[in-house]
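Submitted below is the structure of interest, expressed as structure tokens.
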Amino acid sequence: MALTLNETDVAMNATFNPMLKDLQANILKHHGRTHAFHLFFSIKQGKAAAAKAWLKKFAATKLVSAFKQLDDTERHHQDPAFDGGLVYTASLSKTGYSKLGVDAAVIPDSPSFRKGMRAQKTVLADKPSEWEPGFKKKIDGLIILADDQIGRLTAEKNSLSAEISKFATIAVTQKGKILRNAAGTGIEHFGYADGI
């Protein structure tokens, strides 16, 4: 189902529920949690089958849908004590799809995606030579996990890191904490209200 840029309040329209249940969290709206870890990984040689099996299980048991995320947000607005718990997302790069043996016909066909960020350095006015060391490696995937409780989040990050390390090298682990303006609205790193 296609959405147009003039459609709003998709969470409030049952027409969109099938799409929202099939879309992961943190795409249409920010996950809204205070703390996050971003685990960037590179799949090890000969470990594609293990990576596929783990990703399949992760998607079935941990991945949070946009529907659940938006529903949890609404429940939290009605009852500030409500805790929607951890949010998990997964992303693959072109190299990740290729290492997993995904048929080229189903890999996103955006030229920018297929070339990767390093090849887009002129368009992005970027200097890969100045990237942090972990990002100079090929990144095959990213797992984001976020929560309001840093202790629970850190324990889950440690557990997931140990699982991922069986089939991939974690190139970079980034820790994030949400920025909020005076009204309490989450803001992104350029200072704009997130999700607007």
Side-chain angles (χ1 to χ4, degrees), residues 22-33 35-66 69 86-147 150 153-179 188-190 194-195:
D22 197 39
L23 181 70
Q24 70 177 335
N26 205 41
I27 302 256
L28 298 176
K29 293 281 188 178
H30 178 265
H31 55 66
R33 304 312 192 264
H35 306 280
F37 282 105
H38 302 98
L39 308 175
F40 295 86
F41 63 89
S42 301
I43 299 168
K44 294 176 183 174
Q45 185 76 23
K47 295 292 185 176
K52 279 175 115 170
W54 186 87
L55 285 164
K56 182 177 181 179
K57 181 179 177 187
F58 178 82
T61 61
K62 301 273 190 179
L63 206 64
V64 173
S65 71
Q69 176 196 355
L86 284 146
V87 170
Y88 302 84
T89 72
S91 304
L92 291 173
S93 68
K94 164 64 169 71
T95 60
Y97 278 106
S98 297
K99 283 186 180 177
L100 293 174
V102 175
D103 188 305
V106 296
I107 296 174
D109 62 0
S110 160
S112 294
F113 177 80
R114 287 187 174 233
K115 290 178 186 174
M117 288 183 68
R118 188 180 318 275
Q120 301 294 309
K121 63 184 178 186
T122 304
V123 175
L124 298 171
D126 203 359
K127 295 180 180 175
S129 62
E130 295 178 1
W131 291 355
E132 294 173 31
F135 290 115
K136 291 181 181 178
K137 302 172 185 172
K138 286 199 188 280
I139 303 294
D140 297 323
L142 165 65
I143 300 296
I144 297 176
L145 55 157
D147 197 10
I150 189 63
L153 178 65
T154 301
E156 183 65 2
K157 183 264 299 179
N158 292 340
S159 176
L160 283 181
S161 295
E163 291 177 25
I164 293 167
S165 294
K166 294 175 183 174
F167 63 84
T169 300
I170 297 178
V172 178
T173 299
Q174 287 184 330
K175 181 180 178 186
K177 184 175 179 186
I178 195 169
L179 302 172
E188 44 88 82
H189 56 286
F190 293 113
D194 210 349

Between NZ on residue K115 and NZ on residue K94, distance to nearest 0.5 Å:
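The distance works out to 13.0 Å.
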How far apart are the closest heavy atoms of A36 and L153, and which atoms are they?
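Scanning both residues completely, I find the closest heavy atoms to be N-CD2, 3.7 Å.
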For the atom pair CD1 (I144) and CZ (F37), what is the distance rounded to the nearest 0.5 Å?
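Here the rounded value is 13.0 Å.
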Closest approach of I139 and G134, non-hydrogen atoms and distance?
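It is CD1-O, 3.8 Å.
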Electrostatic pair K57:E163 at N-O distance under 4.0 angstrom
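Judged by the 4.0 Å cut-off on N to carboxylate O distance, K57 and E163 do not form a salt bridge.
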Within the 4.5 Å heavy-atom criterion, are H30 and I178 side-chain neighbours or not?
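Contact flag for H30/I178 side chains = yes.
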Just by distance, do the side chain of S42 and the backbone of K138 share a donor-acceptor pair under 3.5 Å?
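The answer is yes, because a donor-acceptor pair under 3.5 Å joins these two groups.
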Report yes if some heavy atom in the side chain of L92 is under 4.5 Å from a heavy atom in the side chain of V102; otherwise report no.
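They are not in side-chain contact.
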Please give me the minimum heavy-atom distance between R118 and P128, naming the atom from each residue.
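What the structure gives for the nearest pair is NH1-CB, 3.9 Å.
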So which heavy atom on S91 is nearest to which on Q24, and how close?
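So the two residues come closest at OG-NE2, 4.3 Å.
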Please report the C-alpha distance between F40 and K137 in whole Å, then the side-chain angles of each, then the deciding distance to 0.1 Å, and finally whether the side-chain contact (heavy atoms from CB on, under 4.5 Å) criterion is met.
CA-CA 10 Å; F40 295 86; K137 302 172 185 172; over 6 Å; no
Spatial distance of atom CG (N158) from atom CD (E156) [nearest 0.5 Å]:
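Between N158 CG and E156 CD, I get 9.5 Å after rounding to 0.5 Å.
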Is the closest side-chain heavy-atom distance between V106 and Y97 below 4.5 Å?
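No. Closest side-chain heavy atoms not under 4.5 Å.
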Measure the CD-CG distance between Q120 and D126 for me, rounded to the nearest 0.5 Å.
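Reported to 0.5 Å precision, the distance equals 10.5 Å.
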Fit a plane to each ring of W54 and F167, take the angle between them on a 0 to 90° scale, and name the class: parallel (under 30°), tilted (30 to 60°) or perpendicular (over 60°).
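Ring orientation, 0 to 90° scale: tilted.
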Mark yes or no for whether Q69, through its side chain, and V64, through its backbone, hold a donor-acceptor pair below 3.5 Å.
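No, Q69 side chain to V64 backbone: no donor-acceptor pair under 3.5 Å.
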A168 and F41: which non-hydrogen atoms are nearest, and at how many Å?
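Taking every non-hydrogen atom into account, CB-CD1, 3.8 Å.
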Would you check if the side chain of K136 reaches a backbone N or O of S129 as a donor-acceptor pair within less than 3.5 Å?
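Yes; at least one donor-acceptor contact below 3.5 Å.
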For K52 and L100, indicate whether the former's side chain and the latter's backbone hold a donor-acceptor pair under 3.5 Å.
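Yes, K52 side chain to L100 backbone: donor-acceptor pair under 3.5 Å.
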Verdict with supporting geometry, S112 and S110, side chain to side chain donor-acceptor pair (under 3.5 Å):
CA-CA 5 Å; S112 294; S110 160; 4.5 Å; no
Any donor and acceptor pair, going by atom type alone, linking the side chain of S159 with main-chain N or O of A155 inside 3.5 Å?
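A pair under 3.5 Å: no.
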Could you pull out the closest heavy-atom pair between L63 and Y88, with the gap in Å?
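Minimum heavy-atom separation between L63 and Y88: CD1-O, 3.6 Å.
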In Å, rounded to the nearest 0.5 Å, how long is the span from CD1 of I150 to NZ of K157?
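Result: 9.0 Å between the selected atoms.
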Looking only at atom types and distance, does a side-chain atom of R33 sit under 3.5 Å from a main-chain N or O of H31, one as donor and one as acceptor?
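Checked: pair present.
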If you count every heavy atom of other residues, nucleotides or ligands that lies below 6.0 Å from K44 atom NZ, does the total exceed 12?
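Check passes, neighbour count above 12.
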Residues in salt bridge (Lys or Arg N to Asp or Glu O under 4.0 Å) contact with K99, at least two apart in sequence or another chain
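Testing K99 for salt bridge (Lys or Arg N to Asp or Glu O under 4.0 Å), a comparison that skips the adjacent residues, returns D140.
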What's the spacing between S93 OG and I43 CD1 if we round to 0.5 Å?
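These two atoms lie 8.0 Å from each other.
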